[in-house]
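For reference, the structure is listed below as structure tokens.
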Amino acid sequence: MFGNKENVNILTSLLVEHGVRRAVVCPGSRNAPIVHNLNECGEIKCYPVTDERSAGFYALGMSLADDAPVVVCVTSGTALLNLAPAVAEASYQHHGLIVISADRPSAWIGQLDGQTLHQQDALGCFVCKSVCLPECHDDVERWHCNRLVNEALIAAGANGRMSVHINVPISEPLFEFDVKALPMERKINVVEPTLDVAAFERRVLSPMSEARRPMLVVGQINRNVERIGKELDFISRHIAVLSEPLSGGTQTLADLALAGIDDTADYRPDFLLYVGDTIVSKRIKRFLREAGASEVWCIAEDGEVHDTFMCQTGVVKGSPVEGISALSAYLKNNGVADTGFADLWRKRIDHAASRVWSYEPAFSQMAAVREFEVSLADMDYPYHVHYANSNAIRLACIYASRHVWCNRGVNGIEGSLSTAAGFSAATGGVVFCVIGDLSFFYDQNALWNTNLKGNLRIILLNNSCGGIFYSLPGLRESAAFGRLVSAGHHTDAKGICAQNDVGYMSARCMEELRLGLATLLTADASRPMLLEVFTDAEDDKRAISNFIKHIKG
């Protein structure tokens, strides 16, 4: 039996019609009629998460795993505001969430009643569509409600796949569940535009193939990564490719290749095509901004100008997958003038790779990630690796040899563990999360979650502070550095793991690290496992500094 709120029933029916299959639900009374309906219909699986901030990122992880929108449902009041960080991150990753918030009747907003605030448009520019459903009393209001839900769910798959917000006012009484079936609702279908390949070839690929120094730069891509990797490998034989482990392919050490070049004149492109989202490397961005290529095109899912390198001359609306596939097909059919530019970059990157693996750092966070990636390469089961922001993802860009996941939409430290946890609930493979201490303790409620399984494995890099701040020149001269900026602490995760039934191990030297990793990578567990690696921030900084000297050497 379903609830008797018509706007909720229309919403539920259309969620099913539009193919939504997962919903993260947070506790509350005002949203109980929505949660009841989601749970009652067999097509949508519900996952309870109490902390709304964690719930949003948990839903993002599921969206990444499924490559499909996921609902996150919250009650009225400030519960909605807690979703803002995850909603922004999901939008900038083009894996938008479907946010459903219960609300009080509009007459009571601003009248000093409990849990009332202005919820409509509360998520601002971080959503591409915000609708407030009417409480239906006649056919016109039912038609209006149907149209608004259709508009929101259509928008979730368009406009660069940003998040959408559906606000649902619900009057009391709330808990009358006496409707036998959901209404048969009109679904509005949309045929989405695709990349205009003919125009793309004429305006971009043809002149690119005639350039003396053509280059493809690939930012973060979170779908079709296996296919993209193979195509990037092919493209790199003909055109210089700069990418990172967040984008796939094998040419992933461009940052370190640049670190070893004194005079970059011969390495500068004259024609640049940029696909995908953000790039981690500041060195690559600085190099391309200074290179001043005469023609710079960007493929953008939203069709907007994203002038990352400050010299963009054109934008093509389409997905990165479409663009890379079209470029690969064009090269197979037409080839490109061989000027030696692609070979120059390939040799430089291969040289950087040889320098990377000939350096063995002393025990540090760098050594931990290196040891993890080396050990992971021997595993023959399906797995995914999530890296948190800050130092963790930068170490991944050195050692990871396959695609990695990371919240690089807006690069916040919050939510990385919750995203990995949500991903683990939506996949059958093992999910690893490599995360720093501040990110972990900030997001520890990710482990306060009844949905977690033994396929979630966590490597916590704990150097008792925000270690990345040690690498910023001049910052340590501030008297506020230790306690206020780098947030020095003496916290460990043992108690957190105990209260959340997470298997706990620790390592304070290379021998303990190798033993812990062996268990983490091979154990057959029914509950999540965590390996906490304790290092010293000064040792971590020294390992990186010596590594860069080795690369330049």
Side-chain angles (χ1 to χ4, degrees), residues 21-22 60-70 90 93-95 157 161 194-195 197 216-254 273-280 299 301 318-332 346 349-350 353 372-387 393 396-409 419-420 422-434 455-457 521:
R21 294 297 177 259
R22 298 186 197 270
L60 171 58
M62 290 183 167
S63 174
L64 292 170
D66 290 343
D67 193 19
V70 172
Q93 282 202 50
H94 306 293
H95 277 81
R161 303 212 305 181
T194 58
L195 177 70
V197 175
L216 172 67
V217 176
V218 190
Q220 182 176 29
I221 296 176
N222 281 336
R223 62 181 74 109
N224 298 110
V225 290
E226 291 185 4
R227 170 183 158 194
I228 285 175
K230 293 175 182 177
E231 292 184 334
L232 288 178
D233 290 346
F234 169 76
I235 292 170
S236 68
R237 300 174 208 159
H238 305 275
I239 289 176
V241 175
L242 305 191
S243 65
E244 295 175 325
L246 291 83
S247 48
T250 57
Q251 305 289 89
T252 58
L253 291 172
L273 175 61
Y274 180 26
V275 303
D277 291 322
T278 58
I279 295 171
V280 175
I299 297 179
E301 292 194 72
S319 74
V321 177
E322 291 177 311
I324 290 171
S325 297
L327 174 56
S328 177
Y330 185 88
L331 292 175
K332 289 173 183 175
R346 194 164 49 250
I349 289 171
D350 289 344
F372 166 66
E373 289 290 346
V374 168
S375 302
L376 188 62
D378 293 332
M379 301 298 108
D380 59 0
Y381 50 72
Y383 59 80
H384 296 269
V385 184
H386 286 246
Y387 277 88
I393 188 57
C397 286
I398 296 172
Y399 292 116
S401 59
R402 92 228 76 74
H403 180 265
V404 301
W405 305 85
C406 182
N407 284 348
R408 292 300 291 183
T419 303
F423 197 106
S424 72
T427 183
V430 178
V431 175
F432 295 97
C433 180
V434 183
N455 68 332
L456 177 61
R457 311 291 169 93
L521 270 62

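Side-chain atoms are counted along with the backbone in the values below, which use heavy atoms only and exclude waters and symmetry mates.
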Next item on the list: Given side chain to side chain contact (heavy atoms under 4.5 Å, CB included), test I279 with L242 step by step and report yes or no.
Entry: CA-CA 10 Å; I279 295 171; L242 305 191; over 6 Å; no
Next item on the list: Report the C-alpha distance between V404 and V434 in whole Å, list the side-chain angles of each, state the deciding distance to 0.1 Å, and finish with yes or no for side chain to side chain contact (heavy atoms under 4.5 Å, CB included).
Entry: CA-CA 11 Å; V404 301; V434 183; over 6 Å; no
Notebook entry, point to check: Going through the distances and angles, do R402 and L376 end up as a side chain to side chain contact (heavy atoms under 4.5 Å, CB included)?
Noted result: CA-CA 11 Å; R402 92 228 76 74; L376 188 62; 3.7 Å; yes
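Under 3.5 Å, the side chains of Q93 and N407 contain a donor-acceptor pair of N or O atoms.
The SG atom of C397 sits 9.5 Å away from the OH atom of Y387 when rounded to the nearest 0.5 Å. A distance of 11.0 Å separates CD of E373 from CD1 of I398, quoted to the nearest 0.5 Å. The distance from the NZ atom of K332 to the CD1 atom of I235 is 8.5 Å, given to the nearest 0.5 Å. Separation of atoms CG (L521) and CE (M379) is listed at 5.0 Å; rounding is to 0.5 Å.
Residues V431 and S424 come closest through the heavy atom pair CG2-CA, 3.6 Å. When every heavy atom of L195 is checked against every heavy atom of G318, the shortest pair comes out as CD1-CA, 4.4 Å. Residues A396 and P245 share a closest heavy-atom pair of O-CG, 3.6 Å. Listed here is the closest heavy atom pair of Y383 and V385: CD1-CG2, 4.0 Å.
Under a 3.5 Å cut-off, the side chain of R346 and the backbone N or O of S236 do form a donor-acceptor pair. In this structure, the side chain of D277 does not engage the main chain of G219 through any donor-acceptor pair within 3.5 Å. Checked by atom type and distance alone, the side chain of S325 pairs as donor or acceptor with a backbone atom of V321 at under 3.5 Å. With Q220 contributing its side chain and C406 its backbone, the two residues share a donor-acceptor pair below 3.5 Å. A donor-acceptor contact shorter than 3.5 Å links the side chain of E244 to the backbone of V280.
At least one side-chain heavy atom of V430 sits under 4.5 Å from a side-chain heavy atom of R457. With a 4.5 Å cut-off on side-chain heavy atoms, V374 and Y399 do not count as touching. Considering only heavy atoms from C-beta on, S247 stays 4.5 Å or farther from I228 through its side chain. Using a 4.5 Å heavy-atom cutoff, the side chains of H403 and N222 are in contact. Residues V241 and I349 are not in side-chain contact: their nearest non-hydrogen atoms beyond the backbone lie 4.5 Å or more apart. Looking at heavy atoms from C-beta onward, I239 lies in side-chain contact with L327 at the 4.5 angstrom threshold.
A426 is linked by a side chain to side chain contact (heavy atoms under 4.5 Å, CB included) to R22, M62, A65, D66, counting only residues two or more places apart in sequence or in another chain. Residues passing the salt bridge (Lys or Arg N to Asp or Glu O under 4.0 Å) test with D67 are R161, R223, sequence neighbours excluded. Partners of Y330 under the ring pair (Phe, Tyr, Trp, His ring centres under 6.0 Å) rule, at least two apart in sequence or in another chain, do not exist in this structure.
Ring orientation note: the planes of W405 and H386 are close to parallel, at an angle under 30° on the 30°/60° scale.
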